[in-house]
Amino acid sequence: MQRSFGRGSLELWQGDITRLAVDAVTTAANSGLRGGGGVDGAVHHAAGPRLLAACRGLGGCRTGSAVLTPAFDLADRGVRHVIHAVGPIWRGGEADEDRMLVGAYRRSLELAEEHACASLAFPSISTGVYGFPAARAAPLALATVRDFLAAEPAPAHLRRVVFALFDRPTLDVYARALEAL
Ligand code: AR6
């Protein structure tokens with residue numbers, strides 16, 4: 001499923017984010033940038049041990065933001081950067097979770113644009129072990145990308161944003177949210 005916003009496109013795709021040939025891959029990281037399971041485990045595995053070494057030098061990242069490193073072994077696939085986005089842990093919905101989730105997506109988009117990326121992939125940030133309900137996260141994630149692509153002046157570089165959704169139920173939630181956007 002795909003929709004156009006401004007000069008860019010937003011696509012939904014089901015699968016492992018490390019299979020995508022995009023300029024930048026976003027991972028759902030923790031604020032210590034220590035690596036972990038889920039999508040972060042897959043991205044660190046695919047990028048190789050130099051990724052964790054690069055993260056150690058950054059001193060962490062606050063929740064609701066993102067930082068950028070090289071993609072190391074993912075460069076074999078044409079990926080130039082890994083963006084480490086730190087989404088919120090779900091605490092019931094009254095602890096600023098929505099604003100922090102939007103911030104993590106927003107800063108990732110800015111970093112991709114600042115580094116002249118034409119294409120960027122996102123996982124569903126915070127909806128795994130961090131427990132953010134996917135039905136609440138999806139409209140926030142998609143609207144943040146839409147607003148970035150449709151902004152005036154338009155982004156100079158970013159043209160394609162792909163959501164790599166690992167499982168079918170999450171893809172279905174995002175598909176419904178994209179239709180309603
Ligand atoms: N490609 C795309 N999506 C994936 C992949 C993959 N290879 N593997 C899992 N997902 P999670 P969070 C989906 O738990 O909730 C880590 O330990 C997964 O099904 O990876 O933000 C970090 O280091 C779910 O839909 O991220 C942090 O400590 C989505 O990615 C913490 O987990 C996000 O699930 C972050 O938790």
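Keep in mind that this is a model prediction, so the values were computed, not measured. Read the numbers this way: they start at 1 and go in the same order the structure lists the ligands and their atoms.
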Any salt bridge between [X] and [Y], counting N to O under 4.0 Å?
{"X": "Arg106", "Y": "Asp147", "value": "no"}
{"X": "Glu110", "Y": "Arg107", "value": "yes"}
{"X": "Asp96", "Y": "Arg99", "value": "yes"}
{"X": "Asp73", "Y": "Arg50", "value": "yes"}

Contact (N/O only, under 3.5 Å) between [X] and ligand 1:
{"X": "Thr18", "value": "no"}
{"X": "Ala42", "value": "no"}
{"X": "Asp16", "value": "yes"}
{"X": "Gly131", "value": "no"}
{"X": "Ile125", "value": "no"}
{"X": "Ile17", "value": "yes"}

Considering only the protein, which heavy-atom contact is closest to [atom], and what is its distance?
{"atom": "atom 18 (C) of ligand 1", "result": "Phe166 CB, 4.5 Å"}
{"atom": "atom 21 (O) of ligand 1", "result": "Ser126 N, 2.8 Å"}
{"atom": "atom 20 (O) of ligand 1", "result": "Val39 N, 2.9 Å"}
{"atom": "atom 22 (C) of ligand 1", "result": "Ala28 O, 3.3 Å"}
{"atom": "atom 17 (O) of ligand 1", "result": "Gly37 N, 2.9 Å"}
{"atom": "atom 15 (O) of ligand 1", "result": "Gly128 N, 2.8 Å"}

Separation between [atom1] of [X] and [atom2] of [Y], rounded to the nearest 0.5 Å:
{"X": "Leu140", "Y": "Ile125", "atom1": "CG", "atom2": "CD1", "result": "11.5 Å"}
{"X": "Gln14", "Y": "Phe166", "atom1": "CD", "atom2": "CZ", "result": "9.5 Å"}
{"X": "Leu149", "Y": "Glu113", "atom1": "CG", "atom2": "CD", "result": "9.5 Å"}

Could you label the plane-to-plane angle of the Phe122 and Tyr105 rings as parallel, tilted or perpendicular, counting under 30° as parallel and over 60° as perpendicular?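 Rings of Phe122 and Tyr105: perpendicular, over 60°.
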
Quick check on contacts: which atoms of ligand 1 are under 4.0 angstrom from a heavy atom of [X]?
{"X": "Gly15", "result": "1 (N), 2 (C)"}
{"X": "Ala164", "result": "2 (C), 3 (N)"}
{"X": "Asp40", "result": "22 (C), 23 (O)"}
{"X": "Gly35", "result": "23 (O)"}
{"X": "Gly36", "result": "17 (O), 23 (O)"}
{"X": "Asn30", "result": "22 (C), 23 (O), 27 (C), 28 (O)"}

For residues 80-93, which side-chain N or O atoms pair as donor and acceptor with protein atoms under 3.5 Å away, sequence neighbours left out?
| unit_1 | atom_1 | unit_2 | atom_2 | d |
| --- | --- | --- | --- | --- |
| Arg80 | NH2 | His115 | O | 2.8 |
| His84 | NE2 | Thr69 | OG1 | 2.9 |

Going by heavy-atom distance to atom 33 (C) of ligand 1, choose the closest among Pro169, Ser124, Pro88, Gly38. Ser124

Where the closest heavy atom to atom 25 (O) of ligand 1 is concerned, which of Thr127, Val129, Leu20 has it?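 Shortest heavy-atom distance from atom 25 (O) of ligand 1: Thr127.
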
Taking it one step at a time, do Trp13 and Leu165 satisfy side-chain contact (heavy atoms from CB on, under 4.5 Å)? CA-CA 6 Å; Trp13 176 82; Leu165 303 163; over 6 Å; no

From the list Leu20, Leu111, Leu109, Val145, side chain to side chain contact (heavy atoms under 4.5 Å, CB included) partner of Leu120 resolves to Leu109

Asp167 side-chain N/O to Thr170 backbone N/O, donor-acceptor pair under 3.5 Å: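 Yes.
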
What I'd like to find out is whether the side chain of Thr18 reaches to under 4.5 Å of the side chain of Val25, using heavy atoms alone.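 Not touching, per the 4.5 Å side-chain cut-off.
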
Please state which part of Asp167 comes within less than 4.0 Å of ligand 1, counting heavy atoms only: side chain, backbone, both or neither. side chain

